[in-house]
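Reminder, nothing fancy here: chain letters follow the sequence lines and each chain counts from 1.
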Amino acid sequence: MTDRLEGREKVTGTARYAFEYPVRNAAYAAAVQASVGKGQVRSVDAEAALRLPGVLAVLSCENAPELSDTSDGELALFQSRTVSFRGQFVAAVVAETLETAREAARLLRVEYAGEAPDVRLRADHPGLYKPDKVNPVFPADTEQGEPEKAFADSAVRVDAVYTTPAEHNNPMEPHATIAQWNEDGTLTLYDSNQGASTVQATIAKVFGLDPSRVHVVSPHVGGGFGSKGMPRPNVVLAAMAARAVGRPVKFAVPRQQMFATTGYRTPTIQRLRLGADEDGRLNAILHEVTEQTSTVKEFAEQTATPTRILYQAPHRLTSHRVVALDVPTPSWMRAPGETPGMYALETAMDELAVAAGIDPVELRVRNDTDREPESGLPFSSRNLVACLREGSERFGWAGRAPEPGARREGRKFVGMGVAASTYPAYQRPNQATARAEPDGTFTVRIAAADIGTGARTALALIAAETLKEDLADVRMEIGDSAFPRASVAGGSAGTAGWGTAVVRACEALRGKLNGAVPPGGIEASADTGEELRARAEYARHAFGAQFAEVEVDADTGEVRVRRMLGVFAAGRIINPTTARSQFIGGMTMGVGMALMEQSVMDREFGDYLTRDLAQYHVPVCADIRDIDAAWVEESDPHLNPMGAKGIGEIGIVGAAAAVGNAVHHATGIRVRDLPITPARLLQAL
Amino acid sequence: MRPFAYERATSAEDALRRHQDGAVYLGGGTNLVDLMRLGVEEPARLVDVAHLPYDQIELRPDGSLVIGAAVTNSAVAADRTVREGHPVLAQAVLAGASGQVRNLATVGGNLLQRTRCSYFQDAAKPCNKRTPGSGCPAREGEHHNLAILGWSDACVATHPSDMAVALAALDASIRIRGRGGERTIPIEDLYRLPGDEPQRDTTLEPGDLVTAVEVPALGVPSRYRKVRERASFAFALVSIAAALDVGDGRVRDVRLALGGVAHKPWRARRAEEALRGAEATEESFLRAAEAELEAAEPLRDNAYKVPLARNLIVRTLTELGEES
């Protein structure tokens, strides 16, 4: 139980975030967004803007320097006249002050040749296609046995379509960058991101630099949820602007502009078919997904992938179809793919439980498997059943009346729901160094990112344990591309991947230590690439079970979550304090997904209308009354030297389904379109 | 943000004098400053009136209240005389925004806050309220949370204030200091329906300064209920302010106002009329609600507000009936 090491800096305001670095002579950038949904920039009239005192430069497709690499359409800033979606950055102003920059941006006159954008995702869109792969490298489709026939022949069947809306990540700290070109031609970026090494490599390519000439500094990051996993246009804009004016440039994306330019979760349309025998044993699983990407860049989300691993069934089919619409580019958002996919699968499982007359916990236990159904690989460890049992016990599941609508307290319907969770236990190659200092302390470095997860603290604990030293004697340094290369903070792979490199570096250092440490210190380094390539083949995943109790107001359709419990099996938990925060943070985000989060697309103009946190609702403290997370001890020898699985995403996966299933149990109403709002429930109450 | 001048008024006369072309009064700024950042409001001059001596809540011997326009929302909600004598008002204020916003927001500013319709808030889109004659995309676009009563083809926006809904039910009056001197008007006469001039939220004339709200005594049970997707910090889907006086099983007096349904706080006069003298039963509450909502003309995506408003009226009156 270790407190966050940088907690004091954070609560006292001394922890420095990207926009706050005291660079000398900084100028400020403001971006102009396209006000048509599709078309061409006809002209950019900068005269009025340039007349404003304090304006240093205007950048647009009419004068922007050519970038060295434009293969990533999201980052090919101002490289063409084409407008691919409303809200795309089409110009920028650099000025002495932020206020002047914003005012000048307002004065910029951009003329367009506009066309009506095509922004509506639908299951019968003529542009739907099968992507070569879904994020990151999964096949788009899989099929085993005779799924259609097996489904038709099944005794108990569920055939339902679920939809989830677009959702936006909205970290507290906006995407922000300070770019500074140094006299030697190198570029320094103070940047808010989920991986300094990734930003370094990507931006170097975009500007045609050797990566060693780009230095990314990001020791503290105020959240990301995936949206900062890859550099977004803001980084390119800041660097381009700084070069244009020959001064450091600060650029933070205003909240309203984030909704078009920093990624979001694609909306989905998912058809689920489950066929089972009378005892609820699955015979056929078919999961067909429709989703969107932009015309700028393909992002095909892996929505149906958890269906490939969660339950046994001899006949199976999963598929992904994508359409490139005139919309902002979707990207990673906390468990991209798995989160909406598991909402649909675990709601369908609840519908199957109802159809078969079997307790939903029992149904899931009956369909457990010790091999990954589609690959046939053994699981490195799989304790889904233990989570379901432990959760049932702790939550008081046994007292639940099976039939929906049975429990009423005054004007409230009360119900309980359950859903399983699963998320892959990824690990990626990483490097780290460990140093013994002459004063008896140790310095461990890796370019990892702590986006609020507690990664810094977990890594320090891993280092101290490996070195067999006091935590107080270990200095953990992260968030800087000058440190050994690290994988991105994403895919719940941070602690597992970075931690392995830290262990190996610390082990190597211990091997070098005999006697006194010389004045220059002793350093050892590690690279886990080879170790990972040599790993045995196992299906590695974390599991969990989520339980929710909700009340639904009979008069208004308001849903409030009274209690929620997640029980997880995620290997060894390195630091219970920050782990619990991660779990309940994910669960809270799942409550938001179930009940309120949605980005509303305007069909006429083609942009997301919800553009701030007053309109885009995430849960507030008053919504999270009693939420708790627990975990089962899991010993898994096939993971990494810590025995740890990632936990950043397992908390959200399944959470929305648990809430939705509880709403059904409370009211007998099955809402298959998220979020479950009073408007949707009132129609049926 | 467009550059602007900032001045602090020292008295009502001073405020009026400073309120020249392109000037706007500034209270707590919790709405106005947001709109300035969005480029929706572009005043050349801000005249800060939050520090004028209108920061007291006065309880008069007859139980009525005079609430200064510069009193903060937090102070209204925390005031003992308000909580005891006019609970519907304290509840309405507490249902709005967050503690941080309520600490800054003022009564005058709260009453004059502008719609949160997303087309109004995006200066890059047409909006008759923001740019008269430019059109109303909400009518065919996203209007899930917009008006079902009293809207016009020019505008389907709703008024966002919770406090104003309670004040409408309480028969409050607004004290105004204008170029022609001081006047007091019923709150119903302050707000207007959109008609073909949706750019005008109120009947205020240029320079008019709201100085206080007068709230008559209330001797009967009252309450405010607000429906929203999350438990705090959200505008109402529908809200209700109600006060009910029941004697011998019959309704002696009733006050009802709805929020989130119209361009202004909607005083439910038809329902009130149907109820006065009627039996205080769920059946008559339902009949009254239906009488009021007969006038509702929901848009494509907000028909849910009709049963929601109906249920709220019935449930809130039933609960108040049980109290009285």
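Residue A:Glu47 places its CD atom among 12 or fewer non-hydrogen atoms of other residues, nucleotides or ligands, all under 6.0 Å distant. No more than 12 heavy atoms of other residues, nucleotides or ligands sit less than 6.0 Å from atom CD of B:Glu297. Counting non-hydrogen atoms of neighbouring residues, nucleotides and ligands closer than 6.0 angstrom, the CZ atom of A:Arg42 reaches no more than 12 such neighbours. Summarising the local packing, CZ of A:Arg562 is surrounded by more than 12 heavy atoms from other residues, nucleotides or ligands at distances under 6.0 Å.
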Go through A:Asp602 and B:Tyr119 one step at a time and tell me if the side chain to side chain contact (heavy atoms under 4.5 Å, CB included) criterion holds.
-> CA-CA 10 Å; A:Asp602 184 280; B:Tyr119 299 95; 2.3 Å; yes
Could you walk me through whether A:Thr556 and B:Asn311 pass side chain to side chain contact (heavy atoms under 4.5 Å, CB included), step by step?
-> CA-CA 7 Å; A:Thr556 64; B:Asn311 294 356; 5.8 Å; no
Between A:Arg411 and B:Arg315, does a side chain to side chain contact (heavy atoms under 4.5 Å, CB included) hold up when you go through it step by step?
-> CA-CA 9 Å; A:Arg411 302 293 301 168; B:Arg315 184 55 38 203; 3.2 Å; yes
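Contact annotation for A:Arg86: only side-chain heavy atoms (C-beta onward) come within less than 4.5 Å of a heavy atom of chain B. Interface residue B:Arg225: only side-chain heavy atoms are found under 4.5 Å from chain A. Heavy atoms closer than 4.5 Å to chain B are found in both the backbone and the side chain of A:Leu609. Interface residue A:Arg560: only side-chain heavy atoms are found under 4.5 Å from chain B. The part of B:Leu237 that comes within reach of chain A is its side chain, from C-beta onward, which places non-hydrogen atoms under 4.5 angstrom from that chain.
The line from CZ of B:Arg37 to CD of A:Glu99 is 9.5 Å long, rounded to the nearest 0.5 Å. For the atom pair B:Glu229 CD and A:Ile676 CD1, the distance stands at 11.5 Å (nearest 0.5 Å). Annotation: the span from B:Ile313 atom CD1 to A:Asp555 atom CG amounts to 12.0 Å, rounded to 0.5 Å.
Without hydrogens or angle criteria, A:Glu103 side chain to B:Arg2 main chain gives a donor-acceptor distance under 3.5 Å. Looking only at distances, a side-chain donor or acceptor of B:Arg230 sits under 3.5 Å from a matching main-chain atom of A:Val618.
Between B:Ser118 and A:Tyr608 there is no side-chain heavy-atom pair separated by less than 4.5 Å. Looking at B:Tyr304 and A:Pro678, their side chains never come closer than 4.5 Å, going by heavy atoms from C-beta outward.
In terms of heavy-atom pairs under 4.5 Å with chain A, the best-connected choice from B:Arg310, B:His144, B:Arg228, B:Lys305 is B:Arg228. Most heavy-atom pairs under 4.5 Å with chain B: of the set A:Leu98, A:Asp623, A:Val620, this distinction falls to A:Asp623. Counting heavy-atom pairs under 4.5 Å between each of B:Ala123, B:Pro137, B:Ser98, B:Ala97 and chain A puts B:Pro137 at the top. Comparing A:Leu595, A:Leu682, A:Leu613 by how many heavy-atom pairs each has under 4.5 Å with chain B, the most go to A:Leu682.
Taking the charged nitrogens against the carboxylate oxygens, A:Arg106 and B:Glu42 do have a contact shorter than 4.0 Å, which makes a salt bridge.
For the 3.5 Å distance criterion, the side chains of B:Gln121 and A:Gln615 qualify, holding a donor opposite an acceptor.
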